[in-house]
Asker: 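Before we start, here is the structure in question, set down as structure tokens.
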2 protein chains.
Amino acid sequence: MDSPRASGRTPAKARLSRETVLAKALELVDAEGLDALTMRRLGQELGRDPMSLYRYADNRAALLDGVSELVLDQLPIHPEDPDWKAQLRNIAHDLRMLALEHPNVVPLLVTRPLSTPLGLRPLGTLRPLEQILTLLASAGFEPADALHVYRAYYGFLYGHILNELQEYVVDPEENEVLLRLGLHRLPAKEFPRLRALAPALSEYDGARELDQGLTILLSGLEAQLSRQVAGSRA
Amino acid sequence: MDSPRASGRTPAKARLSRETVLAKALELVDAEGLDALTMRRLGQELGRDPMSLYRYADNRAALLDGVSELVLDQLPIHPEDPDWKAQLRNIAHDLRMLALEHPNVVPLLVTRPLSTPLGLRPLGTLRPLEQILTLLASAGFEPADALHVYRAYYGFLYGHILNELQEYVVDPEENEVLLRLGLHRLPAKEFPRLRALAPALSEYDGARELDQGLTILLSGLEAQLSRQVAGSRA
DNA sequence: AGCGCCTGTCTACGCTGTAGACTGTACCCG
DNA sequence: CGGGTACAGTCTACAGCGTAGACAGGCGCT
């Protein structure tokens with residue numbers, strides 16, 4: 001059962017690599033959540049001693065960073081598109097999809113950078129930033145303006161993703177809306193509006209909402225920046 | 001040293017209460033971060049057996065929820081202001097300030113709801129939502145539209161807060177900008193733009209950036225919604 | 001006076017991350 | 001071909017974690 005070449009979940013006794021470790025880690029997180037990703041459990045899943053993992057990640061935190069990186073690396077890089085707004089829109093939708101595919105990783109994406117100074121983050125998590133900066137630069141933005149656009153954009157994007165994941169359905173089996181969202185527990189007198197919104201809440205169209213928000217934000221940013229440029233020229 | 005009426009960090013042997021427990025918990029989180037908030041440590045801080053805490057919170061997760069609630073309860077409620085946009089602006093700045101005062105709590109604010117269905121969250125964390133819905137309702141919005149505005153608004157707001165906290169300075173002692181942000185570690189060839197932005201990054205004016213974003217977003221939302229209303233009337 | 005409730009304590013269990021010493025194998029170099 | 005070195009993986013052990021469950025003490029009511 002444990003003989004060499006036995007067929008476990010993985011080829012059993014092939015050499016480990018950072019890639020296989022991180023891949024299994026992500027798999028585990030996707031399937032059972034962040035808490036399930038313990039060194040012991042991951043070791044077991046790989047058919048190895050837990051301590052062997054430390055050859056591929058300094059510690060658990062680094063492992064989590066690796067998982068973030070792995071997910072962000074899946075962000076497709078889009079071919080040239082003349083329109084920066086269209087590009088940002090595409091990237092936003094890509095990231096949204098990625099988040100929906102790996103909802104358990106989102107807390108990492110959002111939380112880890114809070115405890116890690118910009119320059120010390122895994123490079124994979126900074127690449128999207130650099131990518132957007134170049135995109136904006138080639139669209140003619142001054143560096144400082146590009147930074148402003150980036151911030152407003154990414155802020156909104158992450159905010160949207162958090163929002164969308166938060167609202168999601170508890171118990172899809174239950175078909176009474178109030179129950180499905182657990183809203184029945186709320187005291188009706190204190191939360192009349194929220195309770196009344198149950199039907200609307202359950203019909204959330206995330207892609208659409210994201211898109212509308214982007215339209216507002218991007219055209220607003222464009223207007224504001226062209227105004228600034230015009231102003232500083234005068 | 002451990003006699004009754006001894007003067008420890010707290011009055012020593014007064015009865016515990018949920019309030020005192022949560023207050024100490026928040027204090028601990030503010031001072032030393034989320035990881036420092038263990039049952040044992042908190043018990044020690046209160047001069048009590050760790051197990052006594054379970055009378056005031058079902059488990060550690062509930063304790064964390066309590067801390068979130070405690071922070072959000074500090075959100076001031078603003079007097080009537082005729083202008084919904086002005087109100088949303090005020091609330092946004094209040095929440096931003098709160099986040100800057102309790103940066104270690106932000107991960108909780110952002111993360112906990114992801115694993116808790118809407119209806120099962122601590123009531124304190126839902127109150128801002130309900131409050132904004134009423135605000136928008138009294139400004140004349142249809143419930144469904146109010147929800148859209150709320151989503152775009154809160155999404156942007158939380159996104160901004162995350163952004164701002166992420167960019168913040170590591171080691172205020174170090175005054176060489178590149179070093180402070182750790183940017184020197186980045187390979188110059190791969191991250192030219194990001195590295196070049198170092199000075200701009202260190203001059204982040206969060207309040208201003210938030211305000212500009214809100215201006216764009218709110219006026220955009222207003223325009224979009226009034227257009228919709230006009231359209232559906234025709 | 002007696003009963004019952006409630007707060008806080010104690011002990012114990014299974015789990016966690018990880019330091020440090022160790023083994024075995026694969027490869028390179030003389 | 002022999003010996004050495006580097007490195008993958010294992011083992012043992014430790015300190016700390018959350019928390020179940022049994023228990024103690026004191027207060028207030030009847």
Asker: Distance check needed: D:dG18 C1' versus B:Asn59 CG, whole Å only.
Answerer: 9 Å
Asker: A:Arg60 CZ to D:dC17 P: how many Å, rounded?
Answerer: 16 Å
Asker: Using whole Å, report how far OH of B:Tyr54 lies from C1' of C:dC10.
Answerer: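 Roughly 14 Å, once rounded to whole Å.
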Asker: How long is the gap from CG on A:Leu136 to CD on A:Gln131, to the nearest 0.5 Å?
Answerer: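 One finds 10.5 Å between CG of A:Leu136 and CD of A:Gln131.
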Asker: Considering the options A:Asp30, A:Leu28, A:Val105, which one meets the side-chain contact (heavy atoms from CB on, under 4.5 Å) requirement together with A:Val67?
Answerer: A:Val105
Asker: Taking N and O atoms by type only, does the side chain of B:Arg55 place a donor or acceptor under 3.5 Å from a partner on the base of C:dG8?
Answerer: yes
Asker: State which of C:dG17, C:dT9, D:dG18 makes the closest approach to the side chain of B:Met39.
Answerer: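 Among the listed nucleotides, the one closest to the side chain of B:Met39 is D:dG18.
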Asker: Considering only heavy atoms and no angle criterion, is a donor-acceptor pair shorter than 3.5 Å present between the side chain of B:Arg40 and the base of D:dG18?
Answerer: yes
Asker: Quick one: does NZ or CZ of B:Arg151 land under 6.0 Å from the six-membered ring centre of B:Phe156, within 45 degrees of the ring axis?
Answerer: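 Verdict for B:Phe156: no cation-pi partner in B:Arg151.
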Asker: Rounded to whole Å, please give me the gap between CG in B:Asp35 and C1' in D:dG18.
Answerer: 14 Å
Asker: Taking the side chain of B:Arg15 as heavy atoms from C-beta outward, which of D:dA8, C:dG17, C:dT7 is closest to it?
Answerer: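 The answer is C:dT7, which lies nearest to the side chain.
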Asker: Could you state the CG-C1' distance from A:Leu46 to D:dT10, rounded to the nearest angstrom?
Answerer: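 To the nearest whole Å, that distance equals 15 Å.
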Asker: So, applying side-chain contact (heavy atoms from CB on, under 4.5 Å) with A:Arg18, which one of A:Thr20, A:Leu22, A:Val21 is it?
Answerer: A:Leu22
Asker: Let me know the distance between CD of B:Gln44 and C1' of D:dG16, rounded to the nearest Å.
Answerer: 13 Å
Asker: Tell me the interatomic distance from B:Leu34, atom CG, to D:dG18, atom P, rounded to whole angstroms.
Answerer: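 Rounded to the whole Å, the gap is 12 Å.
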Asker: Taking side chain as C-beta onward, heavy atoms only, is A:Glu27 less than 4.5 Å from A:Lys24?
Answerer: yes
Asker: Tell me whether the OP1 or OP2 atom of C:dT7 has a side-chain N or O from B:Ser52 closer than 4.0 Å.
Answerer: no
Asker: Can a side chain N or O of A:Tyr56 be found less than 4.0 Å away from OP1 or OP2 on D:dG9?
Answerer: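 True: A:Tyr56 side-chain N/O within range (under 4.0 Å) of D:dG9 OP1/OP2.
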Asker: Over how many whole Å does the gap from B:Met51 atom CE to C:dA12 atom C1' extend?
Answerer: 10 Å
